[in-house]
Amino acid sequence: MTRWLVTGAAGMLGRDLTDLLRLRGAEFTALARADLDIADARAVTAAVSSVKPDIVVNCAAWTAVDAAEEHEAQALAVNGRGAGNLAAACANAGALLVHPSTDYVFDGHAAIPYPEDAPTGPAGAYGRGKLAGEQAVRAALPGASYIVRTAWLYGAHGKNFVKTMLRLAANGTAPGVVADQHGQPTWTADVAEQVLALLEKSAPPGVYHATSSGQTTWFGFAEEIFRLYHSSVARDEDAERKRVAPRPISTAEYPTPAQRPAYSVLGHDAWRAAGIEPIGDWRDALHRAFPAILAQASG
Ligand SMILES: NC(=O)c1ccc[n+]([C@@H]2O[C@H](COP(=O)([O-])OP(=O)(O)OC[C@H]3O[C@@H](n4cnc5c(N)ncnc54)[C@H](OP(=O)(O)O)[C@@H]3O)[C@@H](O)[C@H]2O)c1
């Protein structure tokens, strides 16, 4: 039986991936940050030698995009060298590596979806670190790695945009939400399914874009979350009083330390070439994910 090793297993994607592996009856070892720091090369070698995995999925990452601007060296130690440590250990052990990456490796100035082989050009420290990780993985495992870029992730576990909007909707607070950044809101459970599909279909190694189909803005995404929230709560007097909607604002009205890409839509041709359906429409994914996230957020 195929043996899996998941790093960063307590993160948002790590939780959904290990839930799916459990559901499928797979044999896997889940290591959270407290069990394995991927920036520690010796610990990574020891973990891979002891687990003897066939497949490693690296869900560990420094994901604090704004903090990375001030702490680029620390972000790079995890997202660049940490990925390289895992890749080297996989190369020694003959294991495949699935390495999630990000839309932030692109410059964000395109007007049509970025193909998998589009030139990279990160605008910030987080993207530079993640790109260094991609390069390290590809260099060590050219024929035995999958770079799985994703974006705008949300899920039942961990902090994310959907949970923030649900909290505001429940309080009756109408947020200003950026309406001039375009992307693909993506459910972590869908990314987990795509990772399994790569292995089940023996897809060729390379770069894949695990994002929802279609596109929207953060404002469009927020509108749909508020709509779903309002249709799922009882229509009593209190709910009616608190019924608000987000309002559109510009990026200039919401300054952040790290520059956000204006256009972060990723193309999906590599899935089709490998005989795998890309993730479906973002709105449909949100509707499927919503009950579990609402239960978590209000629990
Ligand atoms: N979230 C997004 O919107 C988004 C967008 C594009 C791409 N991605 C990529 O998708 C992947 C999964 O992201 P996510 O949203 O699941 O992130 P997450 O919820 O922040 O999970 C990352 C996990 O990695 C752990 N970690 C941090 N440093 C580590 C280290 N040195 N060694 C081992 N574990 C470490 C974190 O632990 P602590 O919590 O204890 O620090 C956390 O449990 C990442 O590769 C990320 O770059 C995410």
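We count ligands from 1, going down the list as the structure has it; atoms in each ligand are counted the same way. Because the structure is predicted, anything quoted here is derived from the model rather than measured.
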If we ignore angles and hydrogens, is there a donor and acceptor under 3.5 Å between the side chains of [X] and [Y]?
X: Tyr114; Y: Asp107; answer: yes
X: Thr251; Y: Asp180; answer: yes
X: His287; Y: Glu224; answer: yes
X: Thr188; Y: His157; answer: no
X: Ser101; Y: Glu134; answer: yes

side-chain hydrogen bond (donor to acceptor under 3.5 Å, both in side chains) partners of residues 273-282, not counting sequence neighbours, each pair once: none
When you check ligand 1 against the protein, what N or O pairs turn up below 3.5 Å? List the atom names and distances, or just say none.
{"from": "ligand 1", "atom 1": "3 (O)", "to": "Leu153", "atom 2": "N", "distance (Å)": "3.0"}
{"from": "ligand 1", "atom 1": "16 (O)", "to": "Met12", "atom 2": "N", "distance (Å)": "3.3"}
{"from": "ligand 1", "atom 1": "16 (O)", "to": "Leu13", "atom 2": "N", "distance (Å)": "2.8"}
{"from": "ligand 1", "atom 1": "19 (O)", "to": "Met12", "atom 2": "N", "distance (Å)": "2.9"}
{"from": "ligand 1", "atom 1": "20 (O)", "to": "Thr63", "atom 2": "OG1", "distance (Å)": "2.7"}
{"from": "ligand 1", "atom 1": "24 (O)", "to": "Ala61", "atom 2": "N", "distance (Å)": "3.2"}
{"from": "ligand 1", "atom 1": "31 (N)", "to": "Asp37", "atom 2": "OD1", "distance (Å)": "2.8"}
{"from": "ligand 1", "atom 1": "32 (N)", "to": "Ile38", "atom 2": "N", "distance (Å)": "3.0"}
{"from": "ligand 1", "atom 1": "41 (O)", "to": "Arg33", "atom 2": "NH1", "distance (Å)": "2.6"}
{"from": "ligand 1", "atom 1": "43 (O)", "to": "Gly11", "atom 2": "N", "distance (Å)": "3.3"}
{"from": "ligand 1", "atom 1": "45 (O)", "to": "Pro100", "atom 2": "O", "distance (Å)": "3.4"}
{"from": "ligand 1", "atom 1": "45 (O)", "to": "Lys130", "atom 2": "NZ", "distance (Å)": "2.7"}
{"from": "ligand 1", "atom 1": "47 (O)", "to": "Tyr126", "atom 2": "OH", "distance (Å)": "2.7"}
{"from": "ligand 1", "atom 1": "47 (O)", "to": "Lys130", "atom 2": "NZ", "distance (Å)": "3.0"}

